[in-house]
Every structure is written in structure tokens, then in C-alpha cells.
Undergrad: 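Questions regarding the structure given below will be posed in turn.
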Amino acid sequence: MNDAIRIETAPERLNFAAHLIGFNTARADKTAYLDDAGTLSYGQLAENVRRFAAALGQLGLRREERVLLCAHDTTDWPIAFLGCLYAGVVPVAVNTLLGPADYAFMIEHARARAAIVSHALLGTIESAIAQSAVRPDTLIVSRAPPDAALPTQASRFEDLLADALVTDLHEAVATGRDDIAFWLYSSGSTGKPKGTVHTHGNLFATAATYGANVLGLTESDVTFSAAKLFFAYGLGNALTFPLSVGATVILMAERPTPDAVFRQLVERQPTVFFGVPTLYAGMLASPALPPREAVRLRRCASAGEALPREIGERFEAHFGCPVLDGIGSTEMLHIFLSNAPDALRYGTSGRPVPGYELQLLDDNGTPVGVDQVGDLFVKGDSSALMYWGNREKSRATFLGGWTRTGDKYVRDAQGWYTYAGRSDDMLKVSGQYVSPFEVECCLMQHEMVLEAALIGITDGDGLTKSKAFVVLKEGIEPSDMLAVEIKRFVKERLAPHKYPRRIDFILELPKTPTGKIQRFKLRDQERAAATSA
Ligand code: 3UK
């Protein structure tokens, strides 16, 4: 990354949706999005964003009110998200794989006045609403089959667009760069998910930094992100960055298995692909891996957890296209430390993205030296304003311009950063957070389980998988069948990436004299067993 890099700063008056529409006015006929059902041109995107914004007003939604956005990746997602921004309404984009209890918390916490939901998720959202103290008065249902019966307070997404009186809101609401644009929820090691509040300017800042200077997309690119739009990673990859240059975006609603991803790479020929390390490892291990000639990739990115060197090297050797590992977070919205096409070292997270400042500090807040492990802090224009309604966690994370990442890093003499683990107990599995505490609580709800502890173990590819140590109640015999049943029990209650991939039954958990579980002892024991094997 050279020194001559220019970083555009967001204008003070900024409505990010209007900004993207304005930037792309000359591309009305160009395809902005391709989803499983069809295409959406830039002209149609602009028209539908205005219509959706007008429809929100007609439904009685006002500026700064929150709307839950729980939908699969189709063209309705960007229309809804940008339509909200255009109207100054604040979308709360959530993971589509959660259960009713999670959504009930979010609806209540965000005081959501409406919910935009994929038809396939309507049942889950309805049971969430039934158990929530806040009742959104409007449901907007995306991609409902023509003959589906909908609840009385529900509207069809396509009907809203068709019926919108666009004259009501020809122009975008005049927001400023520091106005709240949207929220994302991030999970912590204990307690409820944190509502991470982002501004219009933050979206602009991610495009002006990582988007413009690391990814280097052009309007002839076709991007495809395996990470969904509701993740900050996916939002940048499949909305902010490509629309900021007038590129084309492929959206896929289904789960990003290696086979599903191969189909997109071969049939739709994206030029830039975004994945998480587990997916890259799964693709390389698959017998269906397409040959280099079958794809048109020129650049790939990886984030969510550290990309093992091996995986990056093998992927590049096969496809002849680099995989840029970079670290981002929900709090910083996107990637702030990354490898770049002209500065790449597999096994590292690269160097600071121009526009961001980094610091590695010891426990006393003093900068550590070269090759020393320190806590990573980051400063840049895309950091969240706060965690909504959570002063304690906001204060611990957002420190006068600096954001605590919760990660440990080492920097070498040439300025390359290597990941050295989290400073809390959180695990990253398939690029997504897993809180050992949450999984342990769930395991202990099983009628045969007395106690449990969850740790991360490293698999043959160098990636993190979760493993539970379970103490059974007296008189219960451990068995493989019981392990399968316990996994199923967790899968039914928590998001799919959270169930323990392995379960060991033990007689007793290691604990401190005050009764705290010593997960580090289990980790040490696991490491010793792995090296002796
Ligand atoms: C970990 C990494 C090592 C790290 C994200 C790109 O992952 C994203 O956001 P989350 O809030 O998690 C943040 C935490 O994940 N992590 C992410 N990337 C890497 N660790 N190497 C990496 N390359 O612990 C970080 O603090 O889910 C990623 C863009 C936007 C994002 N929100």
C-alpha cells in the first residue's frame, strides 16, 4: 500500500442511499443485482428504493424509528435496506438463522415498529412477536408465494412497491453523515446481543478505505459474497463496495456450501469473491472443486477468523487468484487491517488499511514493542457510535476515538500483523461468534446434563471448532447416542453454528476454589493430547 493514497471523507450532508443512487444515475440499464429469481438494474433499484421509502411513510413510519430486517439474500434486501435509509428509517439487519427468543429480544430492544421478513421466516418472527412486549404494527413479507395466506397486519413486499405513491417522497430525507443509519447486533461473551449503531458516514468510510484502496473494485467487476448481507462483512461486499463503483452483485439465498458456491462461480462467473476461512477449506477439500479455467476470479477476500497460511496458498495455487485475509468487526463495520493485492503475506492479517490507525497495548495501556503480543485497538471513521442502551459495554469498547477489538496481535519489524487469539473467551467458528457461556447454559438445560464447558479446538486445517466437556447427572451413562442427542438439543435452541462439533463426557470439570470453570485447563489438556497423538 503506497503513501500517495487518497481517502475521500464523507460530506457533512449525506444520505448514503441517495448518494449511491445519485452516483449510479448514468447506469440505469446496467445490472446492479442478480438473484436466484432474476435481475435488477440500477434504474430499477433506484425506482424501487424510492417506492419503498414512500411506502414506509404511507405505513406511518417516521424518521429514526427502527424496523427489523430479517430476510434472505434476494434483491428485496438492498431495496429494503436502502429504502429505509432513504426515508431516514433505521433498519436493524439481523441474522436469519436465529430463534424466536433472540428475535423477541431484538424487537423489544430496538422497539421495532415494523418487520421486513422473508416468507420462509414469517412463522419464526410471528412467534417472536407473540412473546415480545413490543408489537410491531406492520409486517412486510418478502417473496411470499402468490397463494400464501398472510396475517392481517402483513403486506406483500411487491404490493407495497406497486402501490407506493412516489410523489410522497421524491427526495431522500436530508440526513447528515453522523445521523444514525442502521444497526447490527453483535454477540458478546455474556449477556444479550449488543445493538451496534452505525451512521451514514460509516458506510461511506468503509467504501473510501478498504473498498477503494484494498479491494480496488471497478465497474466491470461482478462480486459474489458467501457472507450474507446481514453480516457487516456481507453488507460491505454485496452492497456498499460494489454499488459505490457501479459494479454488478450476485446474491444467493441458500446456505453457502462449497457446492452452492461452485455453482455460482461457474455459472455466473463473478470476478471477486468473499468467503470465510472454513468455506475456503471446505472448497479445497471438495472433490467438486472446479478447475481454474472454469471460473473468472481475479481477487478473493477472507475474513471472520484468521485464514491459515496453507489454505490461502493452496487456493491461490489452484485458482491463480490471491485471497486477501483481513480483519474487520461489527463495531468497525468492515475491514481495517488487511493484506492487499500488492502486499500479501499468507498467515498474517497484513498491514493497517490506509485511513485506520492501530495500536497494540499491554495491560497497562503502554504500547508493546516489535514481536510482542498486545491488545489491538483501532481508530477510524467507520466505528460505531455505541451499543444502543448499554452504557457499560459501550464505555468498555469505544474509548474516545479508539475501539477495543478484543483481539491479541503481534507486529513485526516490517509492520505485518499476525493474529494471536482473542482476549476474551469468545470463539470464532466459521467466521461467526460463539459465546462459550451461552452454549454452556444451553447444554445445562438438557435434563441429563449436570455441567458443561465449551472450548475451541484446532482442526487439521488450522481452523477453530468447538468442543464441549459434559458432566452427566448421577446415574446417567455416557454414550455416542447421547452425544448426538445433546448436539441436536443445542441445534434446536441456538443458531446452527453454535452447537458443539465434538462432545466429551467427563466426571468433573476443573474449577477454581471459588467455583469458576477453568477452561484454560481443558484447552491445555486438549493441546497435550493433540501433540502426543
Ligand atoms: C475476528 C478475525 C482473525 C476477530 C467482520 C469483516 O468478523 C467480522 O465481524 P464480527 O463482529 O467479529 C469480529 C471479530 O472476528 N476476526 C474477524 N476477521 C478476522 N480474526 N483474522 C481475521 N481476518 O476476533 C474480530 O474481533 O463478527 C469481518 C468485515 C466485517 C466484519 N464485521
Side-chain angles (χ1 to χ4, degrees), residues 93-95 97 182-189 193-196 198 202-203 205-207 209-211 214-215 225-241 274-280 300-309 311-312 323-340 344-353 356 358 375-378 380 382-384 387 393 397 403-410 416-435 456 458 462-464 495 497-498:
V94 300
N95 191 324
L97 293 165
F182 68 103
W183 302 8
L184 298 171
Y185 276 97
S186 175
S187 37
S189 52
K194 296 166 287 187
T196 312
H198 282 288
N202 290 358
L203 287 162
T206 59
T209 55
Y210 178 80
V214 177
L215 263 188
S225 174
K228 302 295 179 195
L229 281 158
F230 60 75
F231 290 118
Y233 182 40
L235 181 67
N237 306 340
L239 193 152
T240 319
F241 307 150
F274 304 86
V276 296
T278 333
L279 177 59
Y280 285 110
C300 292
S302 174
E305 62 182 310
L307 179 74
R309 169 200 290 260
I311 303 289
V323 186
L324 310 177
D325 184 14
I327 170 175
S329 70
T330 307
E331 288 75 5
M332 293 308 293
L333 192 51
H334 216 276
I335 293 172
F336 48 84
L337 166 61
S338 184
N339 285 281
L344 172 64
R345 268 197 209 174
Y346 288 115
T348 79
S349 301
R351 297 197 281 203
V353 171
Y356 292 93
L358 300 187
D375 287 306
L376 180 69
F377 290 76
V378 54
S382 61
S383 73
Y387 298 127
K393 295 237 160 82
T397 302
T403 301
R404 183 196 306 276
T405 65
D407 296 295
K408 304 243 178 229
Y409 264 88
V410 175
W416 294 84
Y417 285 71
T418 303
Y419 183 65
R422 294 248 350 140
S423 10
D424 50 23
D425 274 329
M426 294 299 278
L427 303 176
K428 272 301 201 98
V429 181
S430 310
Q432 289 180 259
Y433 273 129
V434 174
S435 151
T458 305
L463 295 167
T464 304
H497 69 281
K498 292 181 179 171

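Counting starts at 1 for both ligands and their atoms, following the listed order.
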Undergrad: Below the 3.5 angstrom mark, is there an N/O of G326, backbone or side chain, next to an N/O of ligand 1?
TA: yes
Undergrad: Can you see which heavy atom on L229 is nearest to which on G234, and at what distance?
TA: CD2-O, 3.9 Å
Undergrad: By number and element, which atoms of ligand 1 are closer than 4.0 Å to a non-hydrogen atom of I327?
TA: 2 (C), 4 (C), 16 (N), 17 (C), 18 (N), 19 (C), 22 (C), 23 (N), 25 (C)
Undergrad: Within a distance under 4.0 Å of any heavy atom of I335, pick out the atoms of ligand 1 and give their elements.
TA: 6 (C), 29 (C)
Undergrad: With distance as the sole test, does T397 use its side chain to make a donor-acceptor pair with the main-chain N or O of R404 at under 3.5 Å?
TA: no
Undergrad: On the ring face of Y433, is K428 found with NZ or CZ under 6.0 Å from the centre and within 45° of the axis?
TA: yes
Undergrad: Can you check whether L376's main-chain N or O pairs, donor with acceptor, with T405's side chain at less than 3.5 Å?
TA: yes
Undergrad: Please answer whether the main-chain N or O of Q432 pairs with a side-chain N or O of S430 as donor and acceptor at a distance below 3.5 Å.
TA: no
Undergrad: At under 4.0 Å between heavy atoms, is it the side chain or the backbone of Y233 that contacts ligand 1, or both, or neither?
TA: both
Undergrad: Any chance the side chains of H334 and N202 put a donor and an acceptor closer than 3.5 Å?
TA: no
Undergrad: Can you report which non-hydrogen protein atom sits closest to atom 3 (C) of ligand 1, along with the distance?
TA: A306 N, 3.2 Å
Undergrad: How does T330 reach ligand 1, by side chain, by backbone, by both or by neither, if only non-hydrogen atoms under 4.0 Å count?
TA: both
Undergrad: Would G406 count as a contact residue for ligand 1, given that I'm defining contact as a non-hydrogen atom of the residue lying under 4.0 Å from a ligand atom?
TA: no
Undergrad: Tell me: protein heavy atom nearest atom 8 (C) of ligand 1, and distance?
TA: G328 O, 3.5 Å
Undergrad: Considering heavy atoms of the protein only, find what lies nearest to atom 1 (C) of ligand 1 and give residue, atom and distance to 0.1 Å.
TA: G304 O, 3.4 Å
Undergrad: I'd like to know if L333 contacts ligand 1, where contact means a heavy-atom distance under 4.0 Å to any ligand atom.
TA: yes
Undergrad: Ignoring angles and geometry beyond distance, decide whether S302 reaches within less than 3.5 Å of ligand 1 through its nitrogen or oxygen atoms.
TA: no
Undergrad: Under 3.5 Å between any N/O of A303 and any N/O of ligand 1: does that happen in this structure?
TA: no
Undergrad: For T348 and N339, work out which heavy atoms get closest and say how close.
TA: O-ND2, 3.0 Å
Undergrad: Report, in ascending order of atom number, the atoms of ligand 1 lying under 4.0 Å from any heavy atom of T405.
TA: 26 (O)
Undergrad: Would you confirm whether S382, through its side chain, and M332, through its main-chain N or O, come within 3.5 Å as a donor-acceptor pair?
TA: yes
Undergrad: Checking the N or O distance criterion of under 3.5 Å, is ligand 1 in contact with D325?
TA: yes
Undergrad: Under 4.0 Å from ligand 1, counting heavy atoms only, is it the side chain of Q432, its backbone, both or neither?
TA: neither
Undergrad: Give me the atom names and distance for the closest heavy-atom approach of P277 to A303.
TA: CD-O, 3.4 Å
Undergrad: With no hydrogens and no angle check, is any side-chain donor or acceptor of Y346 less than 3.5 Å from a backbone partner on V323?
TA: yes
Undergrad: Among all protein heavy atoms, pick the one closest to atom 25 (C) of ligand 1 and tell me residue, atom and distance.
TA: D407 OD2, 3.2 Å
Undergrad: If you measure from each non-hydrogen atom of K428 to ligand 1, which part falls under 4.0 Å: side chain, backbone, both or neither?
TA: side chain
Undergrad: Could you label the plane-to-plane angle of the Y233 and F274 rings as parallel, tilted or perpendicular, counting under 30° as parallel and over 60° as perpendicular?
TA: perpendicular
Undergrad: Tell me which protein heavy atom sits closest to atom 31 (C) of ligand 1, plus the residue, atom name and distance to 0.1 Å.
TA: S329 N, 3.5 Å
Undergrad: Is the centre of the Y210 ring less than 6.0 Å from the centre of the Y356 ring?
TA: no
Undergrad: With heavy atoms under 4.0 Å as the rule, classify the contact between Y433 and ligand 1 as side chain, backbone, both or neither.
TA: side chain
Undergrad: Pairs of nitrogen or oxygen atoms closer than 3.5 Å, one from S186 and one from ligand 1: do any exist?
TA: no
Undergrad: If I apply the N/O under 3.5 Å rule, does H334 come out as touching ligand 1?
TA: no
Undergrad: Could you tell me whether the side chain of D325 and the main chain of L307 form a donor-acceptor pair under 3.5 Å?
TA: yes
